[in-house]
There are 2 protein chains.
Amino acid sequence: MVAGPLPAPSGTGKDRLRLWIRLLRASRTIEAELRERLKKEFDTTLPRFDVMAALYRAPEGMLMSDLSRFLLVSNGNVTGIVDRLVSEGLVTRARRNGDRRTSMVRLTDEGTKSFATIAAAHEGWIGELLGKVSEEDARRLTGMLTSFRSNWEGRE
Amino acid sequence: MVAGPLPAPSGTGKDRLRLWIRLLRASRTIEAELRERLKKEFDTTLPRFDVMAALYRAPEGMLMSDLSRFLLVSNGNVTGIVDRLVSEGLVTRARRNGDRRTSMVRLTDEGTKSFATIAAAHEGWIGELLGKVSEEDARRLTGMLTSFRSNWEGRE
DNA sequence: CCAAGATATTTCAAGCTTAAAGTTTTATGC
DNA sequence: GCATAAAACTTTAAGCTTGAAATATCTTGG
């Protein structure tokens, strides 16, 4: 065989490591800002917002396991957050006839109304925080991240 | 927040919101994978790794406030993580002559050795997890994220 | 039917995280 | 000097997070 110079498998990992660090810092910076604003302006938290956002897209409701899969967090975690949302009257757990292990989690009317308000502010904040990223860059970056993600989907 | 596209049909913010969601999902996916491997292979955690990584770059040591600023986390948070690292013998708090409020936090020899091992594995993992991102894309993406960050530096 | 396994969820212990309040030490204005 | 403010850090309470163990329910092969 005419084995040419091997394509240096890891030799160039430096740029990827740098990318990861930037990625992490960017998302942490934005996350911190969002958390602070959610707390200050709506007296809520990011995890609660995440759960409500997921439920908002699913008027028919979601199972606990749907939620944890969609949000990329553990089962036990969702239990606690939903417990608190239920106790605040924003969400309900509806027992199902068919399978008594599960329950459909849904936004209440109050939860829906509350989320719509917060989501509008949230979208504005993101526009502001990412204001310096041009729409074109945003689309290109999104594309890169999407292809990255599809590389990982279904691994866990 | 790992929410899907919100129904708000605001014309211009849409792409940025989508970008934010992708960014968050990507970093959470990678973070989860790293956390799991750190636990399984080295019986440690991401926050511990982050602190040790910061200290590794600063052989002369860092103040608690330096650490919390650099890592983008709260003061009290760093206190707990450093406490645990100290109790494991990986880090020391050296009282300073000048200012008795502060102490220099440094890696111990054991901590340095331990971190070097873990960091090597970590760099390999990142190379693997971001393997589908070309080096060129990685550099371009890093550039975008860097300019974004500089937009925010000094705001808090 | 029913035992054995699979699923869906909750509980638990340990650790991470923040914001706010408290402690100790240093710096400053008068 | 010395009261007062500022700075560096720790403590605290509440909530988030995970992985593992426990519970309850459903499914399936015999």
Side-chain angles (χ1 to χ4, degrees), chain A residues 24 27-29 31-52 61-88 91 93-105 156, chain B residues 1-2 24 27-29 31-52 61-88 91 93-105 156:
Chain A
L24 193 51
S27 66
R28 283 194 184 170
T29 303
E31 252 185 302
E33 186 68 26
L34 292 178
R35 195 188 318 109
E36 192 180 329
R37 294 187 185 195
L38 283 173
K39 172 80 174 182
K40 193 162 291 175
E41 315 235 347
F42 298 105
D43 191 32
T44 189
T45 68
L46 213 41
R48 280 171 169 87
F49 179 84
D50 288 346
V51 167
M52 293 178 77
M62 289 177 85
L63 301 180
M64 295 298 283
S65 44
D66 293 337
L67 276 170
S68 82
R69 199 167 20 253
F70 180 71
L71 297 174
L72 306 174
V73 299
S74 68
N75 274 349
N77 186 355
V78 177
T79 297
I81 297 167
V82 168
D83 282 352
R84 277 168 227 117
L85 288 173
V86 167
S87 80
E88 291 167 22
V91 147
R93 273 189 181 93
R95 273 227 137 6
R96 291 205 300 169
N97 306 0
D99 188 334
R100 271 175 307 179
R101 290 170 302 182
T102 66
S103 51
M104 269 306 196
V105 184
E156 41 201 345
Chain B
M1 279 167 302
V2 196
L24 193 51
S27 66
R28 282 193 183 174
T29 304
E31 252 186 301
E33 187 68 25
L34 292 178
R35 195 189 317 111
E36 191 180 330
R37 295 187 185 194
L38 283 173
K39 173 80 172 183
K40 194 162 292 175
E41 314 235 347
F42 298 104
D43 192 32
T44 189
T45 68
L46 211 43
R48 282 172 168 86
F49 179 83
D50 288 345
V51 167
M52 293 179 77
M62 290 177 84
L63 301 180
M64 295 297 283
S65 43
D66 293 337
L67 276 170
S68 82
R69 197 165 23 250
F70 180 72
L71 297 174
L72 306 174
V73 298
S74 68
N75 274 350
N77 186 355
V78 177
T79 297
I81 297 168
V82 168
D83 282 351
R84 277 168 226 117
L85 288 173
V86 167
S87 79
E88 292 168 22
V91 146
R93 275 191 179 93
R95 273 226 137 9
R96 291 205 301 170
N97 306 2
D99 187 335
R100 271 177 306 181
R101 288 171 303 183
T102 66
S103 51
M104 269 306 195
V105 184
E156 42 198 346

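Note that the coordinates shown come from a computational prediction; the quantities given were computed from them, not determined experimentally. The figures here come from the full heavy-atom set of this structure, side chains too, leaving out hydrogens, waters and symmetry mates. Sequence lines set the chain letters: A, B, ... in the order given, protein chains first and strands last, and positions in each chain run from 1.
- Distance from the side chain of B:Met64 is smallest to D:dT10 among D:dT25, D:dT10, C:dT18.
- Looking at heavy-atom distances under 4.0 Å, A:Ser74 makes contact with a base.
- One can place CD1 of A:Ile81 at 12 Å from C1' of D:dT18, the figure rounded to the nearest angstrom.
- Contact annotation for A:Arg93: backbone-only contact, meaning every heavy-atom pair under 4.0 Å involves sugar-phosphate atoms and none involves a base.
- For the pair A:Arg93 and A:Asp83, the salt-bridge criterion is met [side-chain N within less than 4.0 Å of a carboxylate O].
- Closest approach of A:Arg95 to A:Arg100, counting heavy atoms only: NH2-O, 3.6 Å.
- Within 4.0 Å (heavy atoms only), B:Leu46 reaches no atom of the nucleic acid at all.
- Listed nucleotides: D:dT10, D:dT18, C:dT10. Nearest to the side chain of B:Thr79: D:dT10.
- A straight line from CG of B:Leu85 to C1' of C:dG15 spans 12 Å, rounded to a whole angstrom.
- Rounding to whole angstrom units, CG of residue B:Leu67 and C1' of D:dA8 are separated by 13 Å.
- Within the 4.0 angstrom heavy-atom criterion, no nucleotide atom of any strand lies near A:Arg28.
- One atom, CZ of A:Arg37, and another, P of C:dA19, lie 14 Å apart when rounded to the nearest Å.
- Using a 4.0 Å cut-off between charged side-chain N and carboxylate O, A:Arg35 and A:Glu31 make no salt bridge.
- Among the heavy atoms of the strands lying under 4.0 Å from B:Ser65 are primed sugar atoms or P, OP1, OP2 only; no base atom is included.
- Proximity of A:Arg69 to A:Val78: side-chain heavy atoms (C-beta onward) are nowhere separated by under 4.5 Å.
- The shortest distance between side-chain heavy atoms of A:Met104 and A:Leu63 falls below 4.5 Å.
- The side chain of B:Asn75 has D:dT10 as its nearest neighbour among D:dT25, C:dT18, D:dT10.
- Distance from the side chain of A:Arg100 is smallest for D:dC26 among the nucleotides C:dT26, D:dT17, D:dC26.
- Between A:Arg48 and B:Asn77, it is B:Asn77 whose nearest contact on DNA chain D lies nearer the 5' terminus.
- Remark on DNA chain C: of its neighbouring residues A:Asp66 and B:Gly98, the 5'-side contact belongs to A:Asp66, judged by nearest-heavy-atom nucleotide.
- Contacts of A:Arg96 with the nucleic acid, taken as non-hydrogen atoms under 4.0 Å apart, are absent.
- Atom CZ of B:Arg35 is separated from atom P of D:dT17 by 10 Å (rounded to the nearest Å).
- With rounding to whole Å, A:Leu34 atom CG is found 17 Å from C:dA19 atom C1'.
- Protein atom CG of B:Asp83 is 15 Å distant from nucleotide atom C1' of C:dT17, rounded to whole Å.
- Atom-to-atom, CG of B:Asp99 to P of D:dA6 comes out at 17 Å; the value is rounded to the nearest Å.
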Verdict with supporting geometry, A:Asn75 and A:Thr79, side-chain contact (heavy atoms from CB on, under 4.5 Å): CA-CA 7 Å; A:Asn75 274 349; A:Thr79 297; 5.7 Å; no
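- Distance from the side chain of A:Leu63 is smallest for C:dT9 among the nucleotides C:dT26, D:dT25, C:dT9.
- Toward the 5′ end of DNA chain C lies the nearest nucleotide of A:Arg101, the other residue of the pair B:Gly80 and A:Arg101 mapping further downstream.
- Side-chain proximity of A:Pro47 to C:dT9, D:dT18, D:dT17: nearest is D:dT17.
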